[in-house]
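To keep things clear, I will list the structure first and then write my remarks on it.
What you see is a predicted model; the values in this text were computed from it and never measured. All chains are named by letter (A, B, ...) in the order of the sequence lines, taking the proteins before the strands, and each is independently numbered beginning at 1. Only this structure's heavy atoms are used, side chains among them; waters, hydrogens and symmetry mates stay out.
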Protein chains: 2
Amino acid sequence: MSAPEVPARRQTRQRTAVLALLDELDGFRTAQELHALLRERGDAVGLATVYRALQALVDDGLVDVLRSEVGEAAYRRCSPVHHHHLVCRSCGRTVEVADPPVERWAARVAAEHGFADVQHQLEVFGTCRPCAAAQREDRLSGRGR
Amino acid sequence: MSAPEVPARRQTRQRTAVLALLDELDGFRTAQELHALLRERGDAVGLATVYRALQALVDDGLVDVLRSEVGEAAYRRCSPVHHHHLVCRSCGRTVEVADPPVERWAARVAAEHGFADVQHQLEVFGTCRPCAAAQREDRLSGRGR
DNA sequence: CGGACGTGTGAGAATGGTTCTCATGACCAC
DNA sequence: GTGGTCATGAGAACCATTCTCACACGTCCG
């Protein structure tokens, strides 16, 4: 009933590092990958802290989270407006794509069935041109099987 | 380049039981839930077997799989034609909904960005009428906070 | 500036869903 | 029936994620 209660998020080296790293990457990365990258560049951060930082960023709407097919969570720095993703299933490169008419469609279909408070989740997966080319080569050379 | 190689899937009591159970349920259920249900009704099936049966069914296109927000896999008996789901986030009741124009939109957007071999994944979540009503009551009675 | 308070951190343990292992059992063709 | 193969099941292994708890650090107040 009172203030919205954002509990004074502290500015620490670790959280800054996680956000900065996400800023310079352009695809979805798992928490484990981000942790490894930070380690490599000498920025010692605990794995638990990476998870905590990512959760905080998701709560603040600065980062989008996606579940891979094997159930891992992948994170990406995103614009705060509603959008969807076109993701390369091979290299992870991601393009944000604008709101299709699906928005309206989803709302209408949900209403027809008596569903309220509707959200939707739409991701498009494909193989980007460079990866498709690489795979074609692989098939031709190495392994006939 | 030879036979499609469906390696002679065997018909066993356990696989039949899993499929029969899915047939009579109408929402997405996790493997653990299905396993527990089978146990309850005296149909002793190992957990690993439930997972294997579900994977086989998914491979055969008889069952759809969805990842919950916490990363668990949930399964549901589905029609073999391409479709999407409208899922109640409270009780899990699911409605299959027909192909929206998204199909075309996804293909076009992907092509514009040079992505090939496109798939998409669209789910709509909401609260079905009975659940919405129940929640409204909860809020009024119990907890003013 | 300095110290107190409370939050953030990190190593490792705990958790929990899913997969693997391997000895045993069931299915199917002959 | 008999044999070969695939399926089963209990438990271990696996692995991403979360929890625990002692300690460090940011923030606030004097």
#### Entry: Single-linkage hydrophobic cluster, 4.5 Å side-chain cutoff, B:Val124 and B:Val87 together
no
If you group Ile, Leu, Val, Met, Phe, Trp and Tyr by side-chain heavy-atom gaps below 4.5 Å, do B:Val95 and A:Val102 land in one group? yes
Connected to A:Leu57, directly or through other members, by ILVMFWY side-chain contacts below 4.5 Å are A:Val18, A:Leu19, A:Leu21, A:Leu22, A:Leu25, A:Leu34, A:Leu37, A:Leu38, A:Val45, A:Val50, A:Leu54, A:Val58, A:Leu62, A:Val63, A:Val65, A:Tyr75
I want to check one thing: is the phosphate of [N], taken as OP1 and OP2, less than 4.0 Å away from some side-chain N or O of [X]?
X	N	answer
B:Thr49	D:dG9	yes
B:Arg15	D:dT8	yes
A:Gln14	C:dG10	yes

For B:Ala48, the side chain to side chain contact (heavy atoms under 4.5 Å, CB included) test, sequence neighbours excluded, returns B:Arg52
Here the side-chain hydrogen bond (donor to acceptor under 3.5 Å, both in side chains) pairs for residues 21-37 of chain B, sequence neighbours left out, are B:Asp23-B:Arg77, B:Glu24-B:Arg41, B:Gln32-B:Tyr51
Measure the distance from [atom1] on [X] to [atom2] on [N] and round it to the nearest whole Å.
X	N	atom1	atom2	value
A:His35	D:dC15	NE2	C1'	15 Å
B:Arg39	D:dT8	CZ	P	14 Å
B:Leu54	D:dG9	CG	C1'	16 Å

Output side-chain donor-acceptor pairs under 3.5 Å for residues 106-114 of chain A, partner residues at least two apart or in another chain, one line each.
residue	atom	partner	partner atom	Å
A:Arg108	NH1	A:Glu112	OE2	3.3

Exercise. Within the distance-only criterion (no hydrogens, no angle test), does the side chain of B:Ser68 pair as donor or acceptor with the backbone N or O of B:Glu72 below 3.5 angstrom?
Worked result: yes
Between its two end axes (five pairs each) the helix from C:dC1-D:dG30 to C:dC30-D:dG1 turns, nearest 10 degrees, through 30°
Its contact letters, B for base, S for sugar-phosphate only and - for none at protein heavy atoms under 4.0 Å, make nucleotides 13-26 of chain C read ----SBBBB----B
Open item on the list: Using a 4.0 Å heavy-atom cut-off, does B:Val45 contact any base of the nucleic acid, only the sugar-phosphate backbone, or nothing at all?
Closed with: sugar-phosphate
Which word best sums up how the rings of A:His120 and A:His84 line up, parallel for under 30°, tilted for 30 to 60°, or perpendicular for over 60°?
tilted
**OP:** Begin with the C-alpha distance, continue with both residues' side-chain angles, and end with the deciding distance and a verdict on side chain to side chain contact (heavy atoms under 4.5 Å, CB included) for B:Arg76 and B:Leu66.
**Re:** CA-CA 8 Å; B:Arg76 179 174 192 270; B:Leu66 206 62; over 6 Å; no
Result for 5'-nearest mapping on DNA chain C, choosing between A:Ala44 and B:Gln11, is A:Ala44
